[in-house]
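Contents: one structure, followed by commentary.
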Amino acid sequence: MRKPTRTREVGRGERVLPGVWRLRLPLPWPGVPHCNAWALAWGDGVVLVDTGMHEPGSMAHLERALEQAGLRLEHVKLVVCTHAHVDHCGQAPAIRERTGAEVWLHPAHGHLHANDETPEETIARRIEVARQSGVPEEPLRRWAEQRRSVGKGISGELVSDRDLVPGVTVASDLGDWQVIETPGHAPSHVCLHQPERRLLISGDHLLGRVSQFFDEGHTPDPVGEFLTSLDRVDGLDARLALAGHGRPFTDVHGHVEANRTLVAESLDGVRGALASGPGTAYELAQRIYGDALSATTASWLLALARSHLTHLERLGEARRGDAEPAEVWSAGS
Ligand SMILES: [Zn+2]
Ligand SMILES: [Zn+2]
């Protein structure tokens, strides 16, 4: 009997609106099979919003997706990144090199650390955070080994030709898109809003399948920043969101609400974990997530736990103890 072979994901392109194409690009990550880049018609070319991650063969996926949309890489006149995560900006340096297109990015993209650190330094920094969170030695060692075996996901030094901040507009045949700062998921996150057509390019700020990720450790309170960003986007009254992963979705307000609910539930979960006694972020994460905390989910769930603890600290509901040997959190102010 032949074993069924899993078909390898490839880049795909499809028109979602006149002048807007979704480019679905494969990712090597478990649980996140692909990301979206968006091509917006602009004169005789396109603006490319997000780029996909860089890895062997990734440029061919992008070119295949563009071809299905009747486009070529040479049509890209401008690259705009919703934020500095490699699945959204990884191919930006290579596209800039090949096409001469400018790359626009929010100035707070230092959290990527790709420009100023070697992969070893990045691993060492992440290990330090994990150790401080009380993660035991053995899983840390395995994680570091795994990390060394994957690439950085970015095709060169990330250079921004223009700061993508409020007041800057991105021109297209559909009209101008406004830059909306939406930190929380990442400090550099922005959404693009086209007010006349009520369209929102939402990046990872709002996804069709509600999920949370906070790139924490760079700003005082990612959860608080995320909640403020949700309010900001809710006020835009957009009718269609083009997200960084998954299909476009309507009912933008409903998705904002679902995210607020998820944050509230997560904070309650952390309050509950703190109520059964002090613990390191890792111990609290074990109490909150139980069996869901595995080698593949640990760094994501630990970041969630740390982000929510930091938010509760700011609300005066949690206290962090000395950092040696690991930070112990307790309830109260
Ligand atoms: Zn992201
Ligand atoms: Zn993403």
Side-chain angles (χ1 to χ4, degrees), residues 9 11-12 22-39 48-55 58 61-62 65 79-93 95 103-115 122 126 147 150-155 158 160 164 179-192 200-219 222-223 225-227 229-230 233 241-249 255-256 259 262-263 296-297 299-304 306-307:
E9 287 277 347
R12 294 178 203 283
R22 176 188 177 199
L23 309 174
R24 205 184 72 171
L25 307 170
L27 288 173
W29 300 337
V32 193
H34 35 73
C35 60
N36 297 325
W38 300 94
L48 185 68
V49 181
D50 289 343
T51 68
M53 177 178 174
H54 173 74
E55 55 167 345
S58 59
H61 287 299
L62 176 62
V79 177
V80 172
C81 298
T82 57
H83 62 299
H85 282 160
V86 291
D87 49 331
H88 299 264
C89 69
Q91 304 210 89
I95 298 168
V103 173
W104 295 3
L105 194 69
H106 191 276
H109 60 77
H111 62 91
L112 184 65
H113 290 285
N115 291 347
T122 304
R126 295 272 299 266
R147 256 315 273 257
V150 297
K152 277 171 110 173
I154 188 144
S155 52
L158 186 63
S160 177
L164 198 60
V179 175
I180 312 294
E181 278 180 326
T182 48
H185 171 82
S188 61
H189 204 293
V190 300
C191 291
L192 297 180
L200 183 75
I201 296 180
S202 61
D204 285 353
H205 173 64
L206 272 190
L207 296 167
R209 214 179 75 188
V210 178
S211 68
Q212 290 183 311
F213 177 89
F214 301 111
D215 198 339
E216 52 94 40
H218 314 284
T219 56
V223 172
E225 290 148 27
F226 180 63
L227 291 172
S229 296
L230 286 176
V233 161
L242 311 174
H245 304 263
R247 293 203 180 100
F249 59 88
H255 283 75
V256 167
N259 273 280
L262 184 57
V263 169
T296 41
T297 61
S299 70
W300 167 51
L301 292 176
L302 198 56
L304 275 190
R306 291 175 60 92
S307 309

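Counting starts at 1 for both ligands and their atoms, following the listed order.
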For Arg126, what residues pass the salt bridge (charged side-chain N to carboxylate O under 4.0 Å, His left out) criterion, not counting sequence neighbours? none
Would you call Val80 and Val103 a side-chain contact if the rule is heavy atoms closer than 4.5 Å? no
By side-chain contact (heavy atoms from CB on, under 4.5 Å), Trp300 pairs with (sequence neighbours left out) Phe213, Thr297, Leu304
His189: side chain to side chain donor-acceptor pair (under 3.5 Å) partners, not counting sequence neighbours: Thr182
State, to 0.1 Å, how close Cys35 and Gly52 come at their nearest heavy-atom pair, and which atoms those are. SG-CA, 3.8 Å
Please name the atom of His245, limited to N, O or S, that comes nearest to the Zn ion (ligand 2). NE2
Between His185 and His85, does the ring centroid distance fall short of 6.0 Å? yes
Taken by chain and residue number, the protein N/O/S atoms under 2.8 Å from the Zn ion (ligand 1) read His83 NE2, His85 ND1, His185 NE2, Asp204 OD2
